[in-house]
Amino acid sequence: MATTASKLPKVAKGKKQEDVGQIPQWKLMVRRFSQSKLSVGALFVLGVMYVIMIFSDFLAPYPHDVLDSNNAFAPPTQIVWGPEGPGIYGLKQELDMERFQWIYTPDPSVIYPIRFFVQGHEYYFLGLFPSRLHLFGVEAPPEANARVFLWGADKEGRDLFSRVLKGSQISLTLGFFGVFLFVVIGSIVGTASGYFGGALDNLIQRLIELIRSFPDLPLYMALAAALPLNVPITVRYFLITVIIALVGWTGLAREVRGKVLAFRSADYTAAAIAAGASHWHIITRHLMPNAMSHIVVVGMLSIPGAIGLETALSFLGLGILPPAVSWGILLRDAQSVQAVVTYPWLLIPVILLIITVMSFNLLGDGVRDAVDPYA
Amino acid sequence: MDTAKKNGRSDEILLEVRGLKKHFPIHSGFLRRVTGYVKAVDGIDFYIKKGETLGLVGESGCGKSTTGRTILRLLDPTAGEIIFDDPNIGKVDLAKLSRAQLKRVRPNMQIIFQDPFSSLNPRLTVGQIVGEPLEIQKAASGQALRDRVAELLQEVGIRPENMTRYPHAFSGGQRQRIGIARALALNPKLIVCDEPVSALDVSIQAQVLNLLEDLQEKYNLTYLFIAHDLSVVEHISDRVAVMYVGYIVEMASTEDLYYHPKHPYTEALLAAIPKPDPRKRTRPIKLPGDVPNPANPPSGCYFHPRCRYAEDICKVERPPLRDIGGEHWVACHFAERLQLQGVTRLNEIPLIELPKRQAPVPAASPAS
């Protein structure tokens, strides 16, 4: 608190304060938000993560779903400097008969060079444009066991780095869209409930109570278990988004209802009615803009929860199903203590998940503080 | 003051309210069954003539604001008629109009609010706020709208450059002026002023009252001026109506009501005005008890449990509001009989011979 107080006069000195009566509230919010360094940092981190997600197929050297028994649980590959720049050694796979573990020993006789902007497996950039271009890849003959595993391999010999990138496409977006959907539903239902009141309000409130009276986890599990198994991944993705939204909208709808009740009885609304305003005018001009800041904050603070929920459902085998991959599915591989102790790189998705959720929390905090710029 | 004000006043009636009631249901229990009603406005009659100001006074919770809002159909009346003489349509009963029909009448009756903070949407610029009624009624758009808003702002003493600013950049008095500009936007005939100055400092109150008077003269406006400050009401009103628990107990010209009150409640109210005479430290007439609960009012005359002059008939029969001559309406059984004390005229207060002061004390307080 002391640091913010000491910084305030600095801001006041400049030209900033002179036009404070002139600028719209959202600009004041941006101004206030940019003063919170932690939140700006979180926004930057998330921005980087989402950019990486968009280019994930380009950045991933291998397909996420091709099995390779020669490299099961292969550790992160050591990068060496060869005559042609960076390269890797081939691996020799042996079975430790005492512990029944694969032991990998690098074979330093040949260095296979790492090439940049190489042609590899085909993918669709943004799901639209077919491409074979990848940022990097190892140039090696097919018979040599030389693959680059930046973050190691899982028990099927799949490159964890590629899988984490591919998983981000689901984990970083599903929660986002789920929240978007429930924010839309919650705002519309809440506004209708608060503005029109009466029997409609009563009906909506009882419905919300009904939904909320179910315990969360069993409800999610029941809904997720009811999803058809043999549908394309895109359909399943959409259905899980709907599950997240179905349960999440109730809280927001109640809060929006409360806000709308307050704004509806404000004198500026009465003035609009006295001038003959329509319901639509009052809702769009007076109620929604005033409730919007609250909606944005609730939405922002719900994203980490929704991301966690998707991860949890996938972890339990109720969300995204293999061969599709999300961070929750990657976490399933890190379930056992043995795996964690022997193959610690399997925990990398956890670290990313923590970074993402924390960043969203910090961002949400910043937004929450910013929406009341006069405070 | 009174003669000057009466110049613009005609005998044509702009608004007549007959038997207006507004009851709010009390819900209770699981099924939210209606278990009673708060009778906020319980059958009131009054009229306002074109170009005059009718002051509506009473204690908090007596139904003044509800009356104002019901007249504008911001609340739907439970019963009664609100007959408004619309310049385009003629006399209409507002209580019976549908939403669509009301939209045509609404430009002629507007409202000014008490709270200068809740009455302006913080998300809109001053230009948008003042222009909103024009936009809703599609009275102007584009440059014409901006010109009209600038004109209105100038009219209430706000520089038109401030159109692009947001309400939080203005003081309470300025915000109230913006609210007045918004009420003027559609050239109304009637403006309901719902305690327009009670949230302001005394110095600002005077400015806003003068502005309201100037505007009334310029545009021949008719005001229903709701207030609880009796000196403000005396200053601005041509006639005054006194409300008590959802009922009008006395209505007369300001002069009559203040100097010759005919209802015991009016007398008690007037006695509570601070007197500008330091020698008269008389206690105001004590009103025993509290304002009755409008959900469960007493029998007969609502005022009888607190009235010094109450007799048996007061407990049984509710006195009607009747004209006792000279447009002096009173709801009291003994209006003709009672000799009640009004306010003392300023010039009747004898001046005090002040003792000659010595030369000013040298080291007076620097604060003054």
Side-chain angles (χ1 to χ4, degrees), chain A residues 16-29 31-32 196-203 205-206 209 259-296 371-375, chain B residues 31-32 65 68-69 71-75 99-126 128-139 161-170 178-179 182-183 185-186 188 191-192 194:
Chain A
K16 272 188 169 181
Q17 292 292 308
E18 286 169 22
D19 57 343
V20 80
Q22 298 263 19
I23 55 179
Q25 197 160 359
W26 67 267
K27 272 193 186 166
L28 283 176
M29 290 177 190
R31 208 172 264 193
R32 178 77 175 71
F196 293 107
L200 179 72
D201 182 35
N202 223 339
L203 186 77
Q205 293 311 309
R206 297 299 85 75
E209 275 160 25
K259 291 269 165 194
V260 164
L261 275 178
F263 300 137
R264 188 185 66 165
S265 55
D267 283 344
Y268 51 78
T269 311
I273 298 172
S278 60
H279 293 308
W280 181 249
H281 177 96
I282 290 166
I283 289 172
T284 54
R285 185 54 97 70
H286 295 295
L287 306 184
M288 286 304 258
N290 277 299
M292 196 50 80
S293 52
H294 184 80
I295 294 171
V296 168
V371 292
D372 198 4
Y374 311 128
Chain B
L31 293 171
R32 299 183 43 77
S65 292
R69 284 170 190 246
I71 287 169
L72 293 179
R73 282 290 301 273
L74 296 176
L75 299 168
R99 224 185 134 84
Q101 291 168 320
L102 266 176
K103 191 172 176 180
R104 291 180 59 199
V105 189
R106 287 207 182 277
N108 288 310
M109 30 178 233
Q110 290 290 302
I111 182 165
I112 301 168
F113 296 97
Q114 171 178 15
D115 180 358
F117 291 89
S118 121
S119 65
L120 308 180
N121 187 341
R123 302 282 166 150
L124 301 180
T125 63
V126 169
Q128 286 170 316
I129 289 169
V130 176
E132 192 186 14
L134 298 162
E135 212 180 296
I136 291 169
Q137 290 285 346
K138 299 191 172 58
E161 303 92 274
N162 288 329
M163 260 169 82
T164 53
R165 305 190 121 218
Y166 284 82
H168 66 86
F170 296 89
I178 294 165
R182 173 176 61 193
L186 294 167
I191 296 183
V192 173
D194 189 357

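So that the names make sense, note that chain A is the first sequence line, chain B the second, and so on, each numbered from 1.
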Next item on the list: For the pair B:R73 and A:I273, evaluate side chain to side chain contact (heavy atoms under 4.5 Å, CB included) and give the outcome as yes or no after the intermediate values.
Entry: CA-CA 9 Å; B:R73 282 290 301 273; A:I273 298 172; over 6 Å; no

Item checked: Shortest non-hydrogen separation from B:S118 to A:Y268 and the atoms involved -> O-CD2, 3.0 Å

Check: Non-hydrogen atoms of chain A under 4.5 Å away: do they reach the side chain of B:L124, the backbone, both or neither?
Finding: side chain

Next item on the list: Compare every heavy atom of A:A274 with every heavy atom of B:I111, then report the nearest pair and how far apart it is.
Entry: CG2-CB, 4.0 Å

Note to self: So which residue, B:R99, B:R69, B:Q137, ends up with the most heavy-atom pairs under 4.5 Å with chain A?
What the structure shows: B:R99

Margin query: If you compare all heavy atoms of B:E132 against all heavy atoms of A:A272, which two are closest, and at what distance to 0.1 Å?
Written below: OE2-CB, 3.8 Å

Check: Roughly how far, to the nearest 0.5 Å, is the CG atom of B:L74 from the CG atom of A:D267?
Finding: 9.5 Å

Margin query: Please classify the contact of B:L120 with chain A as side chain, backbone, both or neither, using a heavy-atom distance under 4.5 Å.
Written below: backbone

Next item on the list: Please flag which part of A:H281 lies under 4.5 Å from any non-hydrogen atom of chain B: side chain, backbone, both or neither.
Entry: side chain

Check: chain A heavy atoms under 4.5 Å from B:R182: which part of the residue, side chain, backbone, both or neither?
Finding: side chain

